[in-house]
Amino acid sequence: MTIIHVLFLFSLLSSIPHYSYASVNDFCVADLKAGDTNNTFKAALTSAFVTDFPAVNGLGVSAARLDIAKGGSIPMHTHPGATELLIMVEGEITAGFMTPFALYSKTLKPGDVFVFPQGQLHYQVNSGKKKATAFLAFSSANPGAQLLDLLLFGNALSSDIVAQTTFLDIDQVKKLKARFGGKNLSKHMSM
């Protein structure tokens with residue numbers, strides 16, 4: 001009879017659904033300092049993604065603090081793995097996203113909320129007269145990010161091909177590649 005009780009207990013415990021394994025992970029204390037906006041974009045993202053805040057592992061969510069200095073912006077980018085929710089705290093941000101058929105844009109003030117659908121190309125620009133701060137929430141522990149400027153100009157793709165496919169002047173492409181760390185190759189190199 002003892003083996004039957006053990007098997008019954010084991011089957012009962014193994015049938016309980018495990019929705020999240022987050023409770024077995026380390027817990028971290030947030031860094032509440034504002035991000036350093038002294039960079040090309042005049043912006044900083046202080047993230048709580050699974051890569052730097054393991055406590056969100058298994059929860060299906062992550063968050064970040066966004067600081068944009070006067071005149072700064074977050075360039076066109078996408079999050080292939082998550083929808084983004086922006087909650088304005090201070091200052092003013094003009095935010096928007098594009099579909100093949102429409103542009104959705106709004107100037108946000110403290111208390112306003114904006115949602116960027118997963119995978120949509122979007123941006124945030126400080127349109128105010130002082131620093132802007134927002135909190136971001138994502139529908140994934142690791143939303144990923146693909147910044148259009150870095151994808152186009154921070155690589156070893158031939159400057160001629162970038163110019164031809166973007167309709168930009170070759171000198172402008174070379175200038176942008178220099179700014180974003182790309183190589184100014186004049187011919188297409190294959191692997």
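Given the structure is predicted, the values throughout are model-derived calculations rather than measurements. We count residues from 1, following the sequence as given.
Separation of atoms CG (D160) and NZ (K174) is listed at 7.0 Å; rounding is to 0.5 Å. If you take OG on S127 and CG on L108, they are separated by 8.0 Å, rounding to the nearest 0.5 Å. Taking OG1 from T99 and CD from Q120, the interatomic distance works out to 6.5 Å, rounded to the nearest 0.5 Å. Distance check, rounded to the nearest 0.5 Å: CG of L147 to CZ of F180 gives 9.0 Å. Atom OG1 of residue T94 and atom NZ of residue K106 lie 10.0 Å apart, to the nearest 0.5 angstrom. In this structure, CD1 in I93 is found 7.5 Å from OG1 in T133, a value given to the nearest 0.5 Å.
For the side chain to side chain donor-acceptor pair (under 3.5 Å) condition, the pairs that include at least one residue of residues 145-156, sequence neighbours left out, are N155-K177. Pairs of residues two or more places apart, or lying in two chains, never qualify as salt bridge (Lys or Arg N to Asp or Glu O under 4.0 Å) while including a residue from residues 111-127.
In this structure, F116 and F97 have perpendicular ring planes: the angle between them is above 60°, well past the 30° mark.
Nearest heavy-atom pair, A63 versus F49, reported as atom, atom and distance to 0.1 Å: O-CE2, 3.9 Å. Taking all atoms of both residues into account, the shortest heavy-atom contact from S73 to I68 is N-CG2, 3.6 Å. For V125 against Y123, the heavy-atom pair with the smallest separation is CG2-CD1, 4.0 Å. Residues G91 and P110 come closest through the heavy atom pair O-CD, 3.3 Å.
Side-chain N or O atoms of T37 include none that pairs as donor or acceptor with a backbone N or O of A44 at under 3.5 Å. Proximity of a side-chain donor or acceptor of N126 to a complementary backbone N or O of K130 within less than 3.5 Å is detected. Judged by distance alone, the side chain of N57 and the main-chain N or O of P54 form no donor-acceptor pair under 3.5 Å. Side-chain N or O atoms of H122 include one that pairs as donor or acceptor with a backbone N or O of H77 at under 3.5 Å. One N or O on the side chain of S62 and one on the backbone of S140 form a donor-acceptor pair closer than 3.5 Å. Using a distance-only test at 3.5 Å, with no hydrogens or angles considered, no donor-acceptor pair links the side chain of D67 to the main chain of A43.
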Task: Verdict with reasoning, T83 to V115, per side chain to side chain contact (heavy atoms under 4.5 Å, CB included) - done: CA-CA 7 Å; T83 293; V115 176; 3.7 Å; yes
Task: Steps toward side chain to side chain contact (heavy atoms under 4.5 Å, CB included) verdict (V162, F153) - done: CA-CA 8 Å; V162 174; F153 308 112; 3.7 Å; yes
Task: Verdict with supporting geometry, V113 and L86, side chain to side chain contact (heavy atoms under 4.5 Å, CB included) - done: CA-CA 6 Å; V113 175; L86 182 150; over 6 Å; no
Task: side chain to side chain contact (heavy atoms under 4.5 Å, CB included) between Q118 and E84, worked out - done: CA-CA 7 Å; Q118 180 176 343; E84 177 181 346; over 6 Å; no
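Note on L157 and L150: same hydrophobic cluster, where clusters join Ile, Leu, Val, Met, Phe, Trp and Tyr whose side-chain heavy atoms are under 4.5 Å apart, directly or indirectly. Hydrophobic clustering of Ile, Leu, Val, Met, Phe, Trp and Tyr side chains at less than 4.5 Å, counting indirect connections, unites L168 with L121. Note: the hydrophobic cluster containing V89 does not contain L66 (ILVMFWY, side chain heavy atoms under 4.5 Å, direct or indirect links). Residue V173 is grouped with residue I161 when hydrophobic side chains (ILVMFWY) are merged at heavy-atom distances under 4.5 angstrom, including chains of intermediate members.
With sequence neighbours excluded, the residues satisfying salt bridge (Lys or Arg N to Asp or Glu O under 4.0 Å) with K109 are E92.
Within the 4.5 Å cutoff, the side chain of L136 has heavy atoms near those of the L45 side chain.
Checked against the 6.0 Å centroid threshold, F114 and Y104 do not count as a close aromatic pair.
Crowding of K131 atom NZ: a count of heavy atoms from other residues, nucleotides or ligands under 6.0 Å exceeding 12. Other residues, nucleotides and ligands place no more than 12 heavy atoms under 6.0 Å from the CD atom of Q164. Counted within 6.0 Å of CG on D169, heavy atoms from surrounding residues, nucleotides or ligands total more than 12; the atom is thus considered enclosed.
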